[in-house]
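In this text, all values refer to a predicted model and were calculated from it rather than measured experimentally.
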2 protein chains.
Amino acid sequence: MSISSRFAVGIHILALIELNKEGVTSSEFLASSVNTNPAVIRKLMGMLKKSGLIEVHPGIAGAKLAKELSDITLFDVYKAVNVVQEKELFSIHESPHPDCLVGRNIQNTIEPLFAAAQLAMEKVLRNVTLEDVVKDIATKENIC
Amino acid sequence: MSISSRFAVGIHILALIELNKEGVTSSEFLASSVNTNPAVIRKLMGMLKKSGLIEVHPGIAGAKLAKELSDITLFDVYKAVNVVQEKELFSIHESPHPDCLVGRNIQNTIEPLFAAAQLAMEKVLRNVTLEDVVKDIATKENIC
DNA sequence: ATTACATGTAACTAAAATGATTACATGTAA
DNA sequence: TTACATGTAATCATTTTAGTTACATGTAAT
């Protein structure tokens with residue numbers, strides 16, 4: 001199964017806040033670009049806010065980035081929107097039989113292997129910033 | 001969300017077939033060790049068989065490995081049990097708005113980044129064999 | 001103050017995936 | 001033909017997702 005698109009949408013939201021920084025980036029505006037419901041966006045904005053990535057205020061239209069673009073990595077977004085918990089990218093079956101040689105050891109044997117795989121994936125996310133994302137979009141549009 | 005435990009169970013099955021190679025490893029025997037239903041095991045056995053990792057025959061009790069332990073990587077099991085499709089570890093929201101600068105570029109920008117993260121994870125799986133897993137279990141049991 | 005409009009948040013829904021379970025067809029060998 | 005194994009389909013409860021609706025809360029302009 002796939003990791004929730006909340007992650008991709010979170011990146012979309014942050015990139016659009018940056019590229020629309022002269023304007024007002026409301027949940028309705030974002031929802032239109034993402035093609036979803038404003039309430040879905042507001043829920044994600046809440047998560048991004050809680051993680052200190054954006055600034056939003058009740059009653060005041062628009063969101064602003066709370067950090068420099070180059071200070072926000074994809075990993076920050078990934079953690080903010082809560083798509084994968086630590087050591088839980090792979091699920092391991094519970095209660096294997098303790099009387100069996102394999103059953104009583106499989107969890108402890110597999111866990112560090114799965115953790116290493118997850119960390120390798122997350123390391124890639126740590127090495128990409130939103131600045132990279134925004135620059136790539138600009139390049140595709142021949143803006144720069 | 002997490003990747004299906006079919007992966008962990010698949011590893012469990014293969015390790016147990018190896019460690020019980022003097023005996024008969026039936027779906028019922030495996031189900032008891034994994035602590036699930038024999039039909040679940042048989043479905044997984046079918047997948048492992050289809051990928052050429054084990055040999056099973058209708059009407060004949062027991063499964064055997066079809067390859068050397070050191071020739072089976074965790075990645076082979078991962079692909080066999082079909083837990084994550086190529087380039088689909090992360091899902092990307094569909095139909096963002098094409099009239100928006102971000103909307104019309106976000107998918108193409110994000111896709112290679114997500115693919116790179118997925119590949120990094122899979123690379124770790126490619127570098128671990130079932131021999132490593134079985135040896136680790138043996139070590140934990142002070143067998144070697 | 002009231003109006004207009006934004007965010008914050010809860011409740012409800014349909015769709016999809018998972019894992020368990022049951023049942024039965026198919027295949028093998030004694 | 002009997003006993004028992006694998007192969008496989010149908011069904012079910014649970015969980016997650018993403019969308020939707022509704023409304024409370026907060027701000028600012030009139």
Side-chain angles (χ1 to χ4, degrees), chain A residues 1-10 12-13 17 20 23-51 53-64 66 81-85 88-96, chain B residues 1-10 12-13 17 20 23-51 53-64 66 81-85 88-96:
Chain A
M1 184 180 226
S2 289
I3 290 170
S4 167
S5 66
R6 284 199 304 274
F7 184 24
V9 174
H12 187 141
I13 289 171
I17 290 173
N20 186 45
V24 175
T25 311
S26 65
S27 64
E28 192 172 1
F29 177 75
L30 285 163
S32 164
S33 173
V34 170
N35 189 29
T36 184
N37 194 289
V40 170
I41 297 293
R42 287 200 289 274
K43 187 163 187 182
L44 283 171
M45 289 199 312
M47 291 172 149
L48 297 171
K49 177 185 183 180
K50 193 175 171 189
S51 294
L53 302 184
I54 65 174
E55 284 176 9
V56 213
H57 303 280
I60 302 178
K64 296 290 178 185
V81 298
N82 215 29
V83 281
V84 176
Q85 306 307 309
E88 290 186 9
L89 174 58
F90 300 91
S91 52
I92 302 182
H93 52 299
E94 313 234 311
S95 339
Chain B
M1 188 181 220
S2 288
I3 290 170
S4 166
S5 68
R6 284 200 303 276
F7 183 25
V9 174
H12 187 142
I13 289 172
I17 290 174
N20 187 45
V24 174
T25 309
S26 66
S27 64
E28 191 172 2
F29 177 74
L30 285 163
S32 163
S33 173
V34 170
N35 189 30
T36 184
N37 193 289
V40 170
I41 297 293
R42 288 200 289 273
K43 186 162 189 183
L44 282 170
M45 289 200 311
M47 290 172 149
L48 296 171
K49 178 185 183 180
K50 193 175 171 189
S51 294
L53 303 184
I54 65 174
E55 285 175 9
V56 213
H57 303 279
I60 302 179
K64 297 290 179 186
V81 298
N82 214 27
V83 282
V84 176
Q85 306 307 309
E88 291 186 8
L89 174 59
F90 300 91
S91 52
I92 302 182
H93 53 299
E94 315 233 311
S95 340

Please list, one pair per line, the donor and acceptor atoms closer than 3.5 Å that link side chains of residues 35-45 of chain B to other protein atoms, with sequence neighbours excluded.
{"from": "B:Asn35", "atom 1": "ND2", "to": "A:Ser95", "atom 2": "O", "distance (Å)": "2.9"}
{"from": "B:Asn37", "atom 1": "OD1", "to": "B:Ala39", "atom 2": "N", "distance (Å)": "2.9"}
{"from": "B:Arg42", "atom 1": "NH1", "to": "B:Ser27", "atom 2": "OG", "distance (Å)": "3.2"}

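- Within 4.0 Å (heavy atoms only), A:Lys50 reaches no atom of the nucleic acid at all.
- With sequence neighbours excluded, the residues that form a side-chain contact (heavy atoms from CB on, under 4.5 Å) with A:Lys49 are A:Ile54, A:Val56, A:Pro58.
- Heavy atoms from other residues, nucleotides or ligands lying under 6.0 Å from NZ of B:Lys64 number more than 12.
- Shown here are the side-chain contact (heavy atoms from CB on, under 4.5 Å) partners of B:Ser32, two or more places apart in sequence or in another chain: A:His97.
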Heavy-atom contacts, protein to nucleotides 13-22 of chain D, under 4.0 Å, summarised as B (base), S (sugar-phosphate only) or - (none) per nt, yield ---SSSBBBB
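- Under the rule for a side chain to side chain donor-acceptor pair (under 3.5 Å), A:Glu55 has no partner lying at least two apart in sequence or in another chain.
- Shown here are the side chain to side chain donor-acceptor pair (under 3.5 Å) partners of A:Glu88, two or more places apart in sequence or in another chain: there are none.
- Panel note: side chain B:Ser5, backbone A:Ser91; no donor-acceptor pair is recorded below 3.5 Å.
- Of all the residues in residues 54-63 of chain B, B:Pro58, B:Gly59, B:Ile60 reach under 4.0 Å from DNA chain C with at least one non-hydrogen atom.
- A:Leu89 places a side-chain heavy atom less than 4.5 Å from the side chain of A:Ile3.
- Consecutive Watson-Crick or G-U pairing (both distances under 3.5 Å) extending over three or more pairs maps onto DNA chain C as C:1-30 with D:1-30.
- Taking the side-chain contact (heavy atoms from CB on, under 4.5 Å) definition, one finds that B:Thr25 meets it with B:Ile17, B:Asn20, B:Phe29, B:Leu30, sequence neighbours left out.
- The nucleotide range of DNA chain C contacted by chain A, defined by atoms under 4.0 angstrom from heavy atoms of the protein and reported 5' to 3', is C:dA6 to C:dT18.
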